[in-house]
Amino acid sequence: MAATTVNQEEIAKFSAMAEEWWNPHGKFKPIHKFQPVRLGYIRENGIRHFQRDEQSLKPFEGLRILDVGCGGGLLCEPMARLGAQVVGIDAAERNVKIASLHAEQSGLEIDYRATTSEDLAAAGEHFDIVLNMEVVEHVEDVPLYMKSCADLVAPGGLMFTATLNRTARAWALAIIGAEYVLRWLPRGTHEWKKFLTPEEITALLRRNGLRKVDETGVVYNPIADEWRKSGDMAVNYMILAERPA
Ligand SMILES: C[S@@+](CC[C@H](N)C(=O)[O-])C[C@H]1O[C@@H](n2cnc3c(N)ncnc32)[C@H](O)[C@@H]1O
Ligand SMILES: [Mg+2]
């Protein structure tokens, strides 16, 4: 059998929840709550890196963006609104259908495809920005996944990775807290041993020709009921890397 990043159980799990993607109070509530902090991070770093006008309504005009494991398109749509040409891929056919339908309703043109990073990389495509957000902890064959995502980054391009750290605190908060106590996520959403540390992600990026340019933790502030950037990377974190031009 050829190497694959697809874990069929994971794909079945996400397919079964596909109707929920755009419900801010549904099974993807945590992702909806992450939106402001992660969109701000992508926008701010994209503008700085590609020397775009901060005041522009469409600062990503002319950039090609790939969203790997795009789900219902929660990141693709805001990227298209910022002016980017967006390709969204997901191994779950149902996600791609839901995402396409939603984009149509939103009046946005987004190229959604039911495929994987390894197949797209084999086809030789390249993007200015690759978004790898909340996916790596759900794939089979992490080295192949990270290699194919990295291969998709054009020279001078960026890759954003967001995931969960493999710490005792991540087990307590992201699994026991979020799945069992608060019930923010369905039980079984995450498997602790699949989490990767920032050092592991950074090493995988480096091995595949990308250089880390920034990293940040993302923490929940219960008083404001919002997620914010933080120096604390013990649970949720994001890493920004570039492929030197
Ligand atoms: C937690 S969701 C994240 C969705 C989206 N990136 C976001 O942050 O809004 C993980 C997504 O990755 C997809 N996925 C899992 N394994 C994949 C693979 N090997 N290739 C492509 N997509 C995959 C799942 O179907 C699911 O839609
Ligand atoms: Mg996840």
Side-chain angles (χ1 to χ4, degrees), residues 2-24 26-39 41-42 65-79 86-100 102-103 110 112-122 129-149 152 159-166 170-171 173-175 178-179 184-196 201 218 227 235-238:
T4 177
T5 64
V6 175
N7 177 309
Q8 290 300 344
E9 264 172 60
E10 291 277 355
I11 298 310
K13 192 173 72 187
F14 284 109
S15 297
M17 301 195 286
E19 313 290 333
E20 300 256 340
W21 279 110
W22 288 91
N23 176 1
K27 294 194 165 81
F28 295 108
K29 183 177 174 182
I31 286 191
H32 284 270
K33 301 289 277 182
F34 285 159
Q35 284 285 72
V37 66
R38 66 185 190 163
L39 290 174
Y41 189 68
I42 296 165
I65 298 188
L66 172 69
D67 186 14
V68 181
C70 62
L74 299 184
L75 288 166
C76 290
E77 290 200 14
M79 293 301 115
V86 182
V87 176
I89 64 169
D90 201 287
E93 187 110 41
R94 273 191 82 199
N95 286 342
V96 168
K97 285 211 178 99
I98 297 285
S100 302
H102 198 276
I110 294 165
Y112 285 114
R113 308 181 199 169
T115 187
T116 59
S117 50
E118 62 271 26
D119 285 355
L120 204 57
I129 298 178
V130 172
L131 301 178
N132 172 16
M133 309 292 280
E134 319 296 343
V135 182
V136 66
E137 74 275 19
H138 299 286
V139 305
E140 200 70 44
D141 199 340
V142 167
L144 175 64
Y145 177 74
M146 291 299 288
K147 182 193 186 317
S148 53
C149 287
L152 288 158
M159 176 152 100
F160 291 86
T161 303
T163 191
L164 285 154
N165 201 342
R166 197 173 62 261
W171 180 79
L173 291 176
I175 299 191
E179 296 183 15
W184 282 348
L185 286 168
R187 288 184 192 179
T189 297
H190 288 121
E191 223 181 303
W192 184 80
K193 65 176 194 310
K194 286 185 145 188
F195 295 173
L196 293 149
I201 292 284
V218 183
W227 292 79
V235 185
N236 292 84
Y237 66 92
M238 302 190 279

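Just so we're clear, the structure is a prediction, and the values are computed from it rather than from any experiment. Start at 1 and go down the list; that is how both ligands and their atoms are numbered.
With rounding to the nearest 0.5 angstrom, the CZ atom of Phe34 is 13.0 Å from the CZ atom of Phe28. Put simply, CE on Met79 and CG on Leu39 are 5.0 Å apart, with the number rounded to the nearest 0.5 Å. Note: Tyr145 OH to Thr4 OG1 = 12.0 Å, rounded to the nearest 0.5 Å. The CD1 atom of Ile42 sits 5.0 Å away from the CG atom of Leu75 when rounded to the nearest 0.5 Å.
Shortest contact from atom 22 (N) of ligand 1 to any protein heavy atom: Ala91 N, 3.3 Å. Atom 10 (C) of ligand 1 has as its closest protein heavy atom Glu134 O, 3.5 Å.
Atoms of ligand 1 lying under 4.0 Å from at least one heavy atom of Arg38, given by number and element, are 7 (C), 8 (O), 9 (O). Those atoms of ligand 1 that come under 4.0 Å of a heavy atom in Val135, given as number and element, are 6 (N), 12 (O). In the vicinity of Trp21, heavy-atom distances shorter than 4.0 Å reach the ligand 1 atoms 2 (S), 4 (C), 27 (O).
For the pair Gly71 and Trp21, the tightest heavy-atom approach, listed with the atom from each and the gap, is CA-CZ2, 3.3 Å. Nearest heavy-atom pair, Arg38 versus Ile31, reported as atom, atom and distance to 0.1 Å: NH2-CG2, 3.3 Å. Closest approach of Arg166 and Leu196 over heavy atoms only: NH1-CA, 3.8 Å. Here the closest non-hydrogen pair linking Gly73 and Pro78 is O-CD, 4.3 Å. Thr161 and Met146 make their closest contact through OG1-CE, 4.4 Å (heavy atoms, listed as atom of the first residue, atom of the second, distance). The nearest pair of heavy atoms linking Leu164 to Tyr237 is C-CE2, 3.8 Å.
With atom 17 (C) of ligand 1 as the reference point, the heavy atom nearest to it among Ile11, Leu144, Val6 is part of Ile11. Proximity annotation for atom 5 (C) of ligand 1: of Gly71, Ala162, Gly69, Gly69 comes nearest, heavy atoms only.
Close N/O approach between Phe14 and ligand 1 is not found [any backbone or side-chain N/O within under 3.5 Å]. Of the polar atoms of Met133, at least one N or O is found under 3.5 Å from an N or O of ligand 1, judged by distance alone. By the 3.5 Å distance cut-off applied to N or O atoms, Thr5 is counted among the residues near ligand 1. Ligand 1 has a nitrogen or oxygen under 3.5 angstrom from a nitrogen or oxygen of Asp90.
Every pair tested for salt bridge (charged side-chain N to carboxylate O under 4.0 Å, His left out) that includes a residue from residues 129-142 fails, sequence neighbours excluded, so the list is empty.
Taking a cutoff of 4.0 Å between a charged side-chain nitrogen and a carboxylate oxygen, Lys147 and Glu118 do not qualify as a salt bridge.
Only the side chain of Asn95 comes within 4.0 Å of ligand 1, judged by heavy-atom distances.
The Mg ion (ligand 2) has Glu137 OE2, His138 NE2, His190 NE2 as its protein N, O or S neighbours under 2.8 Å.
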